[in-house]
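Letters A, B, ... are given to chains in the order of the sequence lines, protein chains preceding strands, and every chain is numbered from 1.
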Number of protein chains: 2
Amino acid sequence: MSPSPNDLTPVAIPEPTLKRLPYYYKFIQGQREARREFVSCTTLAEALGLNAIQVRKDLQATGAVGRPKVGYHVEATLDAIEECMGYHNTQDIFLVGAGHLGQALLAYPGFSEFGFNVVAAFDSDPAKVGTEFAGKPILEASRLSDLVRRMHIQIAILAVPATAAQTVTDTLVQAGIRAIWNFTPTRLAVPKEVLVQDENLLASLSVLSKQLENSRVKSHKESTHGKPEEL
Amino acid sequence: MSPSPNDLTPVAIPEPTLKRLPYYYKFIQGQREARREFVSCTTLAEALGLNAIQVRKDLQATGAVGRPKVGYHVEATLDAIEECMGYHNTQDIFLVGAGHLGQALLAYPGFSEFGFNVVAAFDSDPAKVGTEFAGKPILEASRLSDLVRRMHIQIAILAVPATAAQTVTDTLVQAGIRAIWNFTPTRLAVPKEVLVQDENLLASLSVLSKQLENSRVKSHKESTHGKPEEL
DNA sequence: TCCATATCGATAAAACCTTATCGAAACTCC
DNA sequence: GGAGTTTCGATAAGGTTTTATCGATATGGA
């Protein structure tokens, strides 16, 4: 069951790796601007607060190759990451829900650098419909389905109130959406071929708060009881 | 080396679990409103698109106990999650950077429900300083350090431009911040006792896009190269 | 030229998270 | 009241991600 040598199926890259690649990309871009030709895992790891071995494995996953004692060629590695992450091929995306969060996303300048193009936003508020925000038109929500279909939009950003989340999702799915970036605190029910990436802000904040509490207890135990620093 | 029975050290709960707990919480609240007294893992799992065994393990981590054939007591389980996640004890938070994203976070109504209270925002734009947004004052950035110290603020939301990220972080750390919720696409350098939760939106979107690409290749390979209805 | 050192690639070990299995408890229906 | 079924809790198996180890290679300096 080993992959045949010329099996072109991209080996699935672990999600944690995918999330780190943009950091490497950004840092290596900085190195390019500093006119460095090579960059080593050690340097990357130190700068980003990561483990050097992990960095090496991550870069390996992109297909980048390095040279012992020298490191990775800056240009070649940037290319490898771009190629791997698909920063080249521009994707058109729809934003659904032009509330505060939606507007913040519309205004976000960074998308284009990574090959994303938010072409339009949709909202049900008549006061917003017909206007523009950050140069993007805000369209009537009822047109969403039709436009997803006709423009073959594959990715949608869901930034509507939680109460509307599933309804809008159903619309999107029926219109043929392939992936949803979900900013609502709702678990969406979708057919298994539709991808959902949850961005649950409250959950993240809760995690942070809980970890903080843990660390507080731990350090309290360490510092108070004197020696038994653990167990 | 089993923990002694009355060891009160909270067993560190896995981060994936922490991220799922808010979903359980929300759903079980719904069950309470529907006047149900018990809820089972099976029900939860089905509603949220998760694995029942996983739900059970997650709930076990909170200390909630269930009864075979009956399920978990709604009230008791809500309490357990609240207790575990610290929804009871209100945390005061500062927001740094009142741009589009910062404003969206300021306007977000959900924080208070989970025990968070954004007390003020900070920005360096004189046009914003002195105004209010969503009832929260926007203060001069130079006062950040002093107020973090005096008010014993432990958590800060970082929503400044990437260029300012590390500088502001250093200020926060010196002022004694304990945790940073980082919305900039930068890996922050902090002492190890300071917690950072990264919320790298571009990274998440990249992941989604890459997974979409993978699934496309896969399904293309599987489903005969029949009739390409698109592309 | 040769040695010391930094770094890569590959493979192995460890840690962590998810999924499976199984016995026991408790409810329902006969 | 007993059989059947659902569901829990505990433990084990499986998978994935992180960290470690080790030989090989390239560079710089003696």
Peer 1: Write down the distance between NZ (B/Lys19) and P (C/dT18), rounded to a whole number of angstrom.
Peer 2: 12 Å

Peer 1: Would you mind reading off the distance between B/Ile13 atom CD1 and C/dC16 atom P, rounded to a whole angstrom?
Peer 2: 15 Å

Peer 1: Using only side-chain N and O atoms of A/Asn51, determine if any of them is under 4.0 Å from OP1 or OP2 of D/dT19.
Peer 2: yes

Peer 1: Going by atom types alone, do B/Ser40 and B/Thr43 pair a side-chain donor with an acceptor below 3.5 Å?
Peer 2: yes

Peer 1: Report the distance from atom NZ of A/Lys57 to atom C1' of C/dA12, rounded to the nearest whole Å.
Peer 2: 10 Å

Peer 1: Extract from the structure each pairing of a protein N or O with an N or O of nucleotides 7-9 of chain D at less than 3.5 Å, listing the distance.
Peer 2:
{"unit_1": "D/dT7", "atom_1": "O4'", "unit_2": "B/Lys69", "atom_2": "N", "d": "3.2"}
{"unit_1": "D/dC8", "atom_1": "OP1", "unit_2": "B/Cys41", "atom_2": "N", "d": "3.0"}
{"unit_1": "D/dC8", "atom_1": "OP2", "unit_2": "B/Arg56", "atom_2": "NH1", "d": "2.7"}
{"unit_1": "D/dC8", "atom_1": "O3'", "unit_2": "B/Gly66", "atom_2": "O", "d": "3.2"}
{"unit_1": "D/dG9", "atom_1": "OP1", "unit_2": "B/Gly66", "atom_2": "N", "d": "2.6"}
{"unit_1": "D/dG9", "atom_1": "OP1", "unit_2": "B/Gly66", "atom_2": "O", "d": "3.2"}
{"unit_1": "D/dG9", "atom_1": "OP2", "unit_2": "B/Tyr72", "atom_2": "OH", "d": "2.6"}
{"unit_1": "D/dG9", "atom_1": "N7", "unit_2": "B/Arg56", "atom_2": "NE", "d": "3.4"}

Peer 1: Given atom CG of B/Asp58 and atom P of C/dT18, what is their separation to the nearest angstrom?
Peer 2: 7 Å

Peer 1: Do A/Phe38 and A/His73 have ring centroids that are under 6.0 Å from one another?
Peer 2: yes

Peer 1: Using atom CG of B/Leu18 as one end and atom C1' of C/dT18 as the other, report the distance to the nearest whole Å.
Peer 2: 16 Å

Peer 1: Do any side-chain nitrogens or oxygens of B/Arg20 fall under 4.0 Å of OP1 or OP2 in C/dT18?
Peer 2: yes

Peer 1: In whole angstroms, how far is the C1' atom of C/dG9 from the CD atom of A/Gln54?
Peer 2: 17 Å

Peer 1: In Å, rounded to the nearest 0.5 Å, how long is the span from OH of A/Tyr23 to CG of B/Asn200?
Peer 2: 4.0 Å

Peer 1: Pair A/Phe114, A/Met85 - check side-chain contact (heavy atoms from CB on, under 4.5 Å), show working.
Peer 2: CA-CA 9 Å; A/Phe114 292 85; A/Met85 297 296 280; over 6 Å; no

Peer 1: Less than 3.5 Å apart, any donor N or O on the side chain of B/Glu113 or B/Tyr87 sitting next to an acceptor on the other?
Peer 2: no

Peer 1: Return the value, rounded to whole Å, for the distance between atom CD1 of B/Ile53 and atom P of D/dT6.
Peer 2: 16 Å

Peer 1: For A/Asp58, does its backbone N or O pair with a side-chain atom of A/Thr62 as donor and acceptor, under 3.5 Å?
Peer 2: no

Peer 1: Can you measure B/Glu46 atom CD to D/dT6 atom P for me and round it to whole angstrom units?
Peer 2: 13 Å

